[in-house]
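Notes for the one structure printed next.
Note that the numbering runs from 1 along the sequence shown for the chain.
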Amino acid sequence: MSRRKPPAGAVTKAPDGLPSAMIENWEWQDHAACRDVNPELFFSAESERGMRKHAREVLAKSLCGTCPVRLKCREHALLVGEMYGVWGGTTEEEREPALHGRHR
């Protein structure tokens, strides 16, 4: 497997509170089950509600269940405070208590 090079002008230092921008910190994404999947599966449209949202989240979480980097993805979402979407098999609602507990 060839190593990806960061794009020209890539950020070399992450803002405070975010993990380092070093490519090694992000290469786990190369192994993600979702790497070639439409991101709309993981993020709801503003108008999405109820059963439609739930069904999409169930599909997204089922893909996460097959993912070899699911825990790293979830850890990332909690570390950077991802407020939207399914990350590491968790929805924003499922991550919310952990995110609020961190800021106390």
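- Taking the side-chain contact (heavy atoms from CB on, under 4.5 Å) definition, one finds that Cys67 meets it with Ala32, Ala33, Val69, Arg70, sequence neighbours left out.
- With sequence neighbours excluded, the residues satisfying side-chain hydrogen bond (donor to acceptor under 3.5 Å, both in side chains) with Thr90 are Arg95.
- Two residues are said to be in side-chain contact when any heavy atoms from C-beta on lie closer than 4.5 Å; Cys64 and Trp87 fail this criterion.
- Here CZ of Arg52 is found 8.5 Å from OG of Ser47. Values are rounded to the nearest 0.5 Å.
- Partners of Ala55 according to the side-chain contact (heavy atoms from CB on, under 4.5 Å) rule, which considers only residues two or more places apart in sequence or in another chain, do not exist here.
- Interatomic distance, CD of Glu92 versus CD of Glu82, reported as 10.5 Å (0.5 Å rounding).
- Inter-residue side-chain proximity for Trp28 and His76 is flagged as met; some heavy-atom pair is nearer than 4.5 Å.
- With hydrophobic clusters built from ILVMFWY side chains whose heavy atoms lie under 4.5 angstrom apart, Tyr84 shares a cluster with Val37.
- Nearest heavy atom pair, residue Ala60 against residue Leu41, reads CB-O, 3.6 Å.
- Between Glu27 and Arg35, none of the side-chain N atoms (NZ, or NE/NH1/NH2) sits under 4.0 Å from a carboxylate O, so this pair counts as no salt bridge.
- Sequence neighbours left out, the pairs with a member in residues 37-49 that pass salt bridge (Lys or Arg N to Asp or Glu O under 4.0 Å) are Glu48-Arg56.
- Considering every non-hydrogen atom in both Phe43 and Gly85, the closest pair reads CD2-CA, 3.5 Å.
- Pairs of residues two or more places apart, or lying in two chains, that qualify as side chain to side chain donor-acceptor pair (under 3.5 Å) and include a residue from residues 59-68 are Lys61-Glu94.
- Smallest separation of non-hydrogen atoms from Gly88 and Cys73: N-SG, 3.1 Å.
- Under the 4.5 Å side-chain heavy-atom criterion for Ile, Leu, Val, Met, Phe, Trp and Tyr, Met51 and Leu59 are members of distinct hydrophobic clusters.
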